[in-house]
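Here the structure comes first, spelled out in structure tokens, and everything after it is commentary.
Atoms considered below: every heavy atom in the structure, side chains included; atoms not considered: hydrogens, waters and symmetry mates. Throughout, a chain's letter reflects where its sequence line sits, starting with A, and its residues are numbered from 1.
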2 protein chains.
Amino acid sequence: MRILLVEDEPKVASFIKKGLEEQSYEVEQAYDGNFGLKMAMQNEYDLIILDIILPHMNGLEVCQAIRKKKSQVPILMLTALGSTDDKITGLDAGADDYLPKPFEFKELLARLRALTRRSGDNGGGEKLSIADLEMDMGSKTVTRGGKPINLTAREFALLHYLLRNRGRVVSRVDITENVWETSFDTGSNVIDVYINFLRKKIDKGFPGKLIHTLVGMGYVLKEDDA
Amino acid sequence: MRILLVEDEPKVASFIKKGLEEQSYEVEQAYDGNFGLKMAMQNEYDLIILDIILPHMNGLEVCQAIRKKKSQVPILMLTALGSTDDKITGLDAGADDYLPKPFEFKELLARLRALTRRSGDNGGGEKLSIADLEMDMGSKTVTRGGKPINLTAREFALLHYLLRNRGRVVSRVDITENVWETSFDTGSNVIDVYINFLRKKIDKGFPGKLIHTLVGMGYVLKEDDA
DNA sequence: ACTGGAATATGAGAATACTGCTGGTAGAAG
DNA sequence: CTTCTACCAGCAGTATTCTCATATTCCAGT
């Protein structure tokens with residue numbers, strides 16, 4: 001879990017950093033707005049903690065700049081200003097939460113957990129399932145109806161993505177970007193082929209298909225409707 | 001934007017409801033935990049505002065129950081308790097934000113915007129509806145009166161466009177540009193044909209037509225006037 | 001009302017796009 | 001060297017999209 005901490009007061013910064021590292025978060029720091037924005041643009045973070053009062057470029061501007069880039073990183077705004085109006089400005093600038101100083105460290109942690117829950121930290125022994133299909137992220141194993149299923153890395157990644165979006169239709173573009181991580185359209189049919197692999201391993205021989213095709217739209221992982 | 005408000009004090013409830021409706025949010029109410037949970041399960045909301053102190057089942061329990069169902073609706077916890085520990089419990093129970101009473105209404109609005117922005121911009125669980133017709137963008141499914149309706153990609157796109165502009169007349173040119181994405185007039189009648197397809201699927205066999213023709217102008221999706 | 005021309009609705013089938021699948025290649029892993 | 005994985009090419013079957021020809025409806029101007 002990588003966190004970007006943008007805070008100019010060295011004392012506060014190192015306090016937060018230490019505390020977060022104790023919880024085994026990976027923390028990178030920036031000491032002013034400009035630099036913070038640059039780091040946010042160049043790297044991928046799971047969360048950004050942003051002080052409002054910063055040299056060069058204030059937190060609100062940084063926040064807006066990040067959002068303009070369509071980035072969806074959760075942003076936690078941090079500041080000494082406690083009045084309602086400031087909070088509102090912060091939240092409207094695109095922040096996801098707001099924490100007034102002084103705060104208790106455990107509250108920071110709690111809000112952090114709330115913000116990152118969604119982005120799906122798959123570090124720990126997370127388990128995903130649908131119907132009688134189970135995927136264990138920890139041991140990278142998949143079973144259906146108790147039977148273990150052997151998947152290659154790609155197959156696993158694809159199934160993982162489908163599982164994370166179960167019930168939602170995912171287009172080929174979605175899959176390309178999230179599983180193959182190339183935004184370029186190679187004009188190939190790899191995805192079809194892999195869907196076919198998965199079908200053979202997951203659906204074939206089991207009652208109730210899980211992988212469904214929506215022609216012209218994409219694929220869904222869902223239980224057959226009753 | 002549909003909001004579920006779970007709050008037992010009538011005064012507070014109606015205060016919030018009124019305020020939200022002024023901002024043209026659609027608000028539904030529940031007066032205790034049990035009922036709130038039931039409503040949350042049976043309907044789709046864009047956001048849930050949950051008081052912690054409730055009769056029958058407190059807000060924390062409701063929150064956990066909702067999360068257990070894998071539902072990702074943003075939840076805003078509301079309470080008189082202001083101490084840090086209570087906030088933490090709330091956030092860890094699966095809430096996305098926490099607002100201590102008394103609060104200023106505009107702060108509630110700001111937090112609301114922050115919470116709904118996220119679910120809105122991932123294009124995901126968006127839902128559109130008119131009368132008893134519902135469209136779920138996530139699973140690309142359409143139902144009328146609860147009955148599932150199968151649409152092809154093109155039909156879905158057309159209905160989506162009509163739904164986004166429900167109540168407004170859209171011309172053939174509008175449709176060509178927005179659904180077919182060609183600004184060129186091919187001189188064909190594809191649109192008529194597809195309107196006809198849609199009619200067969202969503203109007204035929206149901207009481208009350210939704211698709212209306214305005215000769216010389218275009219089409220509208222609207223409920224029959226009483 | 002009546003009517004003729006324009007606009008829209010509808011049915012059938014051709015044209016097209018999409019998907020499932022097989023077989024094969026290159027390269028990595030063992 | 002053999003096996004396994006990732007990927008590509010291409011065909012066949014099928015669902016979808018579109019065209020066209022033919023009703024039907026609409027509406028101004030009698």
Side-chain angles (χ1 to χ4, degrees), chain A residues 140-142 148-162 169-206 209-222, chain B residues 140-142 148-162 169-206 209-222:
Chain A
K140 305 272 187 211
T141 51
V142 174
I149 294 175
N150 246 333
L151 297 181
T152 70
R154 236 340 151 225
E155 289 163 358
F156 189 86
L158 175 57
L159 180 58
H160 182 214
Y161 183 66
L162 289 174
V169 178
V170 293
S171 68
R172 274 155 226 278
V173 177
D174 291 336
I175 294 177
T176 310
E177 286 178 356
N178 288 284
V179 179
W180 270 262
E181 298 187 0
T182 55
S183 53
F184 210 89
D185 179 18
T186 55
S188 101
N189 70 336
V190 223
I191 292 173
D192 302 50
V193 174
Y194 272 83
I195 287 287
N196 185 31
F197 288 164
L198 276 186
R199 280 197 166 120
K200 275 187 197 159
K201 294 187 178 181
I202 281 177
D203 274 346
K204 199 163 228 171
F206 292 94
K209 303 291 166 247
L210 295 176
I211 300 175
H212 301 261
T213 305
L214 295 200
V215 180
M217 297 178 175
Y219 298 95
V220 209
L221 198 64
K222 68 164 183 176
Chain B
K140 308 267 191 213
T141 51
V142 173
I149 295 176
N150 246 332
L151 297 181
T152 70
R154 192 66 90 196
E155 288 163 358
F156 189 88
L158 174 57
L159 180 58
H160 183 212
Y161 181 66
L162 290 174
V169 180
V170 294
S171 70
R172 275 156 227 278
V173 177
D174 292 335
I175 295 177
T176 310
E177 287 178 357
N178 287 284
V179 179
W180 269 263
E181 298 185 359
T182 55
S183 54
F184 211 90
D185 179 17
T186 57
S188 101
N189 70 335
V190 223
I191 293 172
D192 303 51
V193 173
Y194 271 83
I195 288 287
N196 186 30
F197 287 165
L198 275 186
R199 280 195 166 124
K200 276 187 197 160
K201 292 188 179 180
I202 75 173
D203 272 347
K204 197 164 228 171
F206 291 94
K209 303 291 166 245
L210 295 176
I211 300 175
H212 302 261
T213 305
L214 295 204
V215 179
M217 298 179 171
Y219 300 95
V220 208
L221 197 65
K222 65 164 184 172

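When distances run from any side-chain atom of B:Arg199 to the nucleotides D:dC18, D:dA6, C:dA9, the shortest one goes to C:dA9. Distances from the side chain of B:Val215 to the nucleotides D:dC26, D:dC8, D:dT16 place D:dC26 closest.
When the side-chain nitrogen and oxygen atoms of A:Ser188 are compared with OP1 and OP2 of D:dC8, one or more of them lie within a distance under 4.0 Å. Dashed line: the shortest gap from a side-chain N or O of B:Thr213 to OP1 or OP2 of C:dA7 is not under 4.0 Å. Contact annotation: A:Arg154 does not reach the phosphate of D:dT5 (side-chain N/O to OP1 or OP2, under 4.0 Å). One finds no side-chain N or O of A:Arg172 lying less than 4.0 angstrom from the OP1 or OP2 phosphate oxygen of C:dC18. Between B:Lys200 and C:dG11 there is a side-chain N or O to OP1 or OP2 distance below 4.0 Å. Under 4.0 angstrom from either OP1 or OP2 of D:dC18 there lies at least one side-chain N or O belonging to B:Trp180. Between A:Thr152 and D:dT5 there is no side-chain N or O to OP1 or OP2 distance below 4.0 Å.
A:Phe156 places its CZ atom 13 Å from the P atom of D:dA6, with the value rounded to the nearest Å. The nearest whole Å value for the distance from the OH atom in A:Tyr194 to the P atom in C:dT22 is 16 Å. Regarding B:Leu151, its CG atom lies at a distance of 13 Å from the C1' atom of D:dT16, rounded to whole Å. For the pair B:Leu159 CG and D:dT16 C1', the computed distance is 17 Å after rounding to whole Å. Per the geometry, CG belonging to A:Asp192 stands 14 Å off P belonging to C:dT22, to the nearest Å. Following rounding to the nearest Å, B:Ile211 (CD1) and C:dT8 (P) show an atom-to-atom distance of 15 Å. Between A:Asn189 atom CG and C:dG23 atom P there is a gap of 15 Å when expressed in whole angstrom units. For A:Met217 and C:dC18, the CE to P distance is 13 Å, given to the nearest whole Å.
The side-chain heavy atoms of B:Ile175 and B:Tyr219, taken from C-beta on, include a pair separated by under 4.5 Å.
Residue-level contact check: A:Tyr219 touches the backbone only, with heavy atoms under 4.0 Å from sugar-phosphate atoms and none from bases.
Scanning both residues, A:Val179 and A:Arg154, for their nearest heavy atoms gives O-NH1, 3.4 Å. What you find for B:Lys201 and B:Leu151 is that their closest heavy atoms are CD-CD2, 3.6 Å. Residue B:Lys222 comes nearest to B:His212 through the heavy atom pair O-NE2, 3.1 Å, listed as atom of the first residue, atom of the second, then distance.
For B:Val215, there are no side chain to side chain contact (heavy atoms under 4.5 Å, CB included) partners two or more places apart in sequence or in a different chain.
Within 3.5 Å, no donor on the side chain of A:Asn196 pairs with an acceptor on the base of C:dT22, nor the reverse.
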